[in-house]
Amino acid sequence: MSKTSLPVPKIGTRLHRFLYESERAHPEATGELSALLSQLGLAGKRISRLLSQAGLIDILGASGETNVQGETQQKLDALANEVFLDAFAYGQMVPAVVTEEMELPAHLPENEALGKYVVFLDPLDGSSNLDVNGGVGSIFSVRKLGGSGAVTSEAELLSRVSHDQVAAGYFVYGPSTMLVYTCGPETGVHGFTLDPSIGEFLLSAPNIRVPSRGMYYAANEGTIEEWREAPRQFVRSLQRHDKDKGRPYSTRYSGALVSDVHRILLKGGIYIYPATTKSPQGKLRLMYEAAPLAAVLEAAGGAATDGITRILDLVPTANHQRTPLFIGSAPDVQEATRLGRSVG
Ligand code: FDP
């Protein structure tokens with residue numbers, strides 16, 4: 001990710017201005033990445049607006065399709081996917097988009113000549129919460145595309161995208177809509193809240209740092225019988241009284257990865273989604289769920305592993321690859337990972 005020193009951020013600064021100031025502090029910047037983040041911001045605003053109409057217009061419920069994972073696609077999953085594709089259709093920066101909703105990358109031929117970024121997306125994360133007006137989010141990861149010419153296969157795409165993410169983040173659509181992103185540890189993690197009255201994201205949480213200890217863990221414990229021994233032991237240790245570690249922790253699990261990890265980012269603690277007997281590779285997707293959230297948490301001083309290996313060290317072999325995920329305050333993730341390495 002890029003190295004730059006940011007101006008002192010002022011609460012209430014508009015996203016556009018924040019990006020402009022960040023660029024000015026980085027003389028070799030071309031402005032492309034800022035333009036791309038603005039396109040992402042526009043998509044986030046449009047999805048936020050769509051969500052605010054759910055229940056009033058006919059956009060809730062299943063679309064009748066299944067996605068690449070064989071999961072039932074909600075109408076809003078498909079709409080959010082379209083909104084993102086539409087956002088990148090101009091500007092010449094993004095020749096290919098990989099999304100949870102499409103088995104193959106979406107190619108944007110008009111951007112092929114000049115485009116040098118591939119965006120990996122979960123357009124609407126946690127969509128099982130939609131029917132109950134619960135929290136949902138969108139997750140994005142931007143990687144640089146090397147080489148030249150059109151990308152012709154998945155293997156070629158993965159071999160040509162940069163290992164490092166040049167930008168990563170998410171939108172969380174809760175009582176208010178927030179954008180949280182990082183362009184790497186040197187530039188930190190910043191949160192913007194959408195002011196719907198002016199249609200702008202305003203800086204509300206500059207330089208977010210994940211607390212080194214928290215009070216919460218998030219996990220779908222309904223599947224604990226299907227977990228391996230290490231995560232089971234780890235969760236038991238979170239429930240045990242331990243004054244030094246501030247335990248027992250309380251459980252908070254909403255069923256939307258973005259909302260659950262956002263809480264951990266702000267309040268500390270750990271989110272875990274281990275491998276299960278049903279999903280031995282884990283359930284969550286590496287390229288557009290685990291990796292971008294890992295980039296954000298690490299840039300905020302936290303950590304993320306698959307129970308053994310740092311998420312950001314994993315080498316992807318497929319666009320829709322799954323992974324177990326342990327993410328949050330560094331001491332908690334390190335403890336879970338030590339157990340994973342020793343107990344299995
Ligand atoms: P969803 O399928 O509703 O999009 O992305 C997968 C995900 O949600 C995460 O957002 C969420 O944390 C997880 O699945 C929930 O899975 P469980 O129902 O197995 O807990």
Side-chain angles (χ1 to χ4, degrees), residues 44 47 50-51 54 59-63 65-81 83-84 98-103 120-141 168-174 178 180 216-228 231-232 235 251-265 269-294 296-297 304 306-307 311 318-328:
I47 293 169
L50 269 174
L51 289 169
I59 51 174
L60 284 178
S63 69
E65 304 288 324
T66 50
N67 70 12
V68 57
Q69 330 289 341
E71 297 157 349
T72 305
Q73 189 187 56
Q74 302 288 313
K75 286 179 198 160
L76 271 164
D77 283 324
L79 285 171
N81 193 53
V83 166
F84 276 110
V98 172
T99 99
E100 183 185 13
E101 302 308 322
M102 300 172 72
E103 182 168 4
F120 294 80
L121 284 169
D122 182 352
L124 204 55
D125 171 69
S127 43
S128 66
N129 280 357
L130 286 169
D131 287 341
V132 297
N133 199 19
V136 287
S138 304
I139 313 176
F140 59 86
S141 161
Y170 58 83
F171 297 92
V172 58
Y173 311 104
M178 274 191 85
V180 174
Y216 300 113
Y217 73 96
N220 179 354
E221 279 181 273
T223 57
I224 197 163
E225 291 296 311
E226 296 176 29
W227 300 0
R228 297 169 72 109
R232 282 204 249 180
V235 161
T251 318
R252 294 285 187 277
Y253 189 73
S254 75
L257 174 67
V258 170
S259 313
D260 289 325
V261 171
H262 185 62
R263 176 194 298 278
I264 299 296
L265 173 72
I270 187 165
Y271 173 100
I272 75 172
Y273 205 114
T276 62
T277 42
K278 194 171 135 212
S279 306
Q281 310 303 323
K283 176 182 182 192
L284 303 173
R285 277 49 64 110
L286 175 64
M287 298 304 278
Y288 43 81
E289 293 186 319
L293 295 178
V296 170
L297 266 286
D306 67 357
I311 291 287
N319 284 329
H320 300 290
Q321 183 170 332
R322 294 177 189 266
T323 179
L325 180 62
F326 298 74
I327 188 165

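Hydrogens, waters and symmetry mates are skipped; everything else that's a heavy atom, side chains included, is used. Remember, predicted model here, so these are calculated numbers, not experimental data. In each ligand, atom 1 is the first atom listed, and ligand 1 is the first ligand listed.
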Practice task
Identify, for atom 17 (P) of ligand 1, the protein heavy atom at the shortest distance, and state residue, atom and that distance.
Solution key: N220 ND2, 3.5 Å
Exercise for the section: Quick one: pull up CD1 in I264 and OH in Y271 and give me the separation to the nearest 0.5 Å. Expected result: 10.0 Å
Handout entry: Polar atom proximity, L257 to ligand 1 (N or O, under 3.5 Å)
Key = yes
Completion exercise
To the nearest 0.5 Å, atom CD of E101 lies from atom CG of L79 at 10.5 Å
Exercise for the section: Using heavy-atom distances, let me know which of G255, G126, S279 sits nearest atom 11 (C) of ligand 1. Expected result: G255
Fill in the blank from the handout: If we number the atoms of ligand 1 from 1 as shown, the ones under 4.0 Å from a heavy atom of R285 are 5 (O), 6 (C)
Exercise for the section: Give yes or no for whether the N/O distance cutoff of 3.5 Å, strictly under, is met between D260 and ligand 1. Expected result: no
Problem - Derivation and outcome, side-chain contact (heavy atoms from CB on, under 4.5 Å), residues S254 and N129 - result: CA-CA 8 Å; S254 75; N129 280 357; 4.3 Å; yes
Practice task
Could you list which atoms of ligand 1 come closer than 4.0 Å to a heavy atom of A256?
Solution key: 10 (O), 12 (O)
Handout entry: Protein residue, atom and distance nearest to atom 19 (O) of ligand 1, heavy-atom basis
Key = Y273 OH, 2.5 Å
Handout entry: Check against side-chain contact (heavy atoms from CB on, under 4.5 Å), V258 and V136
Key = CA-CA 7 Å; V258 170; V136 287; over 6 Å; no
Practice task
Provide, to 0.1 Å, the distance between atom 14 (O) of ligand 1 and the closest protein heavy atom, together with that atom's residue and name.
Solution key: K283 NZ, 2.9 Å
Exercise for the section: Using atom types as modelled and distance alone, determine if a side-chain donor or acceptor of H320 lies under 3.5 Å from a backbone N or O of M287. Expected result: no
Practice task
Just need the protein heavy atom nearest to atom 10 (O) of ligand 1, so name the residue and atom and give the distance.
Solution key: D125 OD1, 2.7 Å
Problem - Atoms in ligand 1 flagged as close to Y271, the criterion being non-hydrogen separation under 4.0 Å - result: 12 (O)
Problem - Polar side-chain atom of E226 near backbone of T223 as donor-acceptor pair, under 3.5 Å - result: no
Practice task
Do me a favour and list the nearest non-hydrogen protein atom to atom 5 (O) of ligand 1 with residue, atom name and distance?
Solution key: E289 OE2, 2.6 Å
Exercise for the section: Would you mind running through ligand 1 and noting each atom that sits below 4.0 Å from a heavy atom of S128? Expected result: 3 (O)
Practice task
Assess Y288 for proximity to ligand 1: is some non-hydrogen atom of it under 4.0 Å away?
Solution key: no
Exercise for the section: Enter the distance from Y173:OH to L76:CG here, rounded to the nearest 0.5 Å. Expected result: 10.5 Å
Problem - Proximity flag E100 to ligand 1, non-hydrogen atoms under 4.0 Å - result: no
Problem - pair L124-Q74: side-chain heavy atoms closer than 4.5 Å - result: no
Exercise for the section: Measure from the side-chain N and O atoms of R252 to the backbone N and O of A218, and report whether any donor-acceptor pair falls under 3.5 Å. Expected result: no
Fill in the blank from the handout: heavy-atom search around atom 15 (C) of ligand 1 in the protein gives Y253 OH, 3.4 Å
Handout entry: Test item: I139 and L257 side chains (from C-beta on) under 4.5 Å apart, heavy atoms
Key = yes
